[in-house]
Amino acid sequence: MDGIHILVNMNGYTKGARNEIFALRPAPIQVMWLGYPGSSGASYMDYIVTDKVTSPLEYSDHYSEKLAYMPHTYFIGDHRQMFPHLTERVLLQDKVRIK
């Protein structure tokens, strides 16, 4: 089968979002992740990748999407890789203090 199998919306309703593309249903499975931790309220979004703290199961009826839980957190990132300039600044400050 050719085409898009799963389309992931990583913007939500933030600046530059292209939700009109998702409204056209170019993929059989459409997923929200990262851009906004709440429901899109859109009938064309099938799942939201989240966690049990951000989206407790008892509030699932407030979501238009099905909840797809990550085991620990929906936000995956290594701050050392995401913000290396901050690590470098701390190392430089420590070197200055040591001298």
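- Sorted pairs that involve residues 30-44 and meet salt bridge (charged side-chain N to carboxylate O under 4.0 Å, His left out), not counting sequence neighbours, are lacking altogether.
- Remark: the backbone N or O of F22 is paired with a side-chain donor or acceptor of Q30 at under 3.5 angstrom.
- Heavy atoms from other residues, nucleotides or ligands lying under 6.0 Å from OH of Y44 number more than 12.
- Tracing side-chain contacts under 4.5 Å through hydrophobic residues (I, L, V, M, F, W, Y), one never reaches Y36 starting from V49; they form parts of separate clusters.
- At a threshold of 4.5 Å between non-hydrogen side-chain atoms, the residues S39 and I48 do not count as touching.
- Among residues two or more places apart in sequence or in another chain, the side-chain hydrogen bond (donor to acceptor under 3.5 Å, both in side chains) test is passed with T54 by D51.
- With rounding to the nearest 0.5 Å, the separation of NZ in K52 from CG in L57 is 7.5 Å.
- The salt bridge (charged side-chain N to carboxylate O under 4.0 Å, His left out) contacts involving residues 33-45 comprise nothing, where partners must be two or more places apart or lie in separate chains.
- Sequence neighbours left out, the pairs with a member in residues 22-47 that pass salt bridge (charged side-chain N to carboxylate O under 4.0 Å, His left out) are R25-D46.
- Listed for the N9 side chain is a donor-acceptor partner under 3.5 Å among the backbone atoms of G12.
- Partners of E20 according to the salt bridge (charged side-chain N to carboxylate O under 4.0 Å, His left out) rule, which considers only residues two or more places apart in sequence or in another chain, are R18.
- A 4.5 Å side-chain heavy-atom check between P37 and S55 finds every atom pair outside the cut-off.
- Note on residues 58-68: no pairs pass salt bridge (charged side-chain N to carboxylate O under 4.0 Å, His left out), not counting sequence neighbours.
- A distance of 7.5 Å separates CG in D2 from NE2 in H5, rounded to the nearest 0.5 Å.
- Neither I21 nor W33 shares a network with the other; the hydrophobic side chains, linked directly or stepwise wherever heavy atoms of I, L, V, M, F, W or Y lie under 4.5 Å apart, form separate groups for each.
- Between N19 and Y13, some side-chain heavy-atom pair lies under the 4.5 Å cut-off.
- Distance check: M45 CE to Y63 OH gives 14.0 Å after rounding to the nearest 0.5 Å.
- Looking only at side-chain heavy atoms (C-beta outward), V31 and I6 come within less than 4.5 Å of each other.
- How far CG of L7 is from CD1 of I4: 5.5 Å, rounded to the nearest 0.5 Å.
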